[in-house]
Amino acid sequence: MIAAFDTIRQALLTVTKDVYHYKALNQPDQYIIWMEDGGGVDTWADDVCTYQTITGTIDYFTRVEDDPNVERIQHALNNGNIVWRLNSVQYEKDTKYKHYEWEWEVTDSGEI
């Protein structure tokens, strides 16, 4: 599972250094939060989990209009062989952030 998490984190770090797991400590004008939230279809052989699918979300917050990091995040996920889909785009009135949310899925292979 740790390898799967590292895949997500490393892909996002190619976009910005402001990448956080679960919550942002100091919120700059542009930052990414990623988290795992469950699993998908796992593969079992001889009573051992051989492939484990991990799912989660990536949230990007920006105050920059037409922020190029949105496209960079999607390219980073593609380059990291990470399955993803853009789930929502919202404007948060209170904070003035545009909030993008992607759902992701990675498979961790090897004996668990």
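Numbering of residues begins at 1 and proceeds along the displayed sequence. These figures come from a predicted structure and were not determined experimentally.
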Could you point out which residue of Glu103, Glu101, Glu105 forms a side chain to side chain contact (heavy atoms under 4.5 Å, CB included) with Arg85? Glu103
Nearest non-hydrogen partners of Thr7 and Gly80, listed with the distance: CG2-O, 3.9 Å
What residues form a side chain to side chain contact (heavy atoms under 4.5 Å, CB included) with Glu71, not counting sequence neighbours? His75
Looking at residues at least two apart in the chain, or sitting in another chain, which of them share a side chain to side chain contact (heavy atoms under 4.5 Å, CB included) with Gln30? Tyr60, Thr62, Val64, Asp67, Asn69
Side chain to side chain, Trp104 and Ile54, heavy atoms closer than 4.5 Å: yes
Checking Phe61 against Tyr20 for the ring pair (Phe, Tyr, Trp, His ring centres under 6.0 Å) test, could you report, in this order, the C-alpha distance in whole Å, the side-chain angles of both residues, the deciding distance, and whether it holds? CA-CA 12 Å; Phe61 298 87; Tyr20 305 94; over 10 Å; no
Examine the side chains of Trp34 and Asp59 and answer whether a donor and an acceptor come within less than 3.5 Å of each other. no
Could you tell me if the side chain of Thr57 sits less than 4.5 Å from the side chain of Trp102, heavy atoms only? no
Looking at Arg63 and Thr95, would you say the former's side chain and the latter's main chain have a donor-acceptor pair under 3.5 Å? yes
Smallest separation among heavy atoms of Glu36 and His21, with atom names: OE1-NE2, 2.7 Å
When you compare the side chain of Ile73 with that of Leu12, does any pair of heavy atoms fall below 4.5 Å? yes
Kindly indicate whether the side chain of Asp37, heavy atoms from C-beta on, has any atom under 4.5 Å from the side chain of Thr55. yes
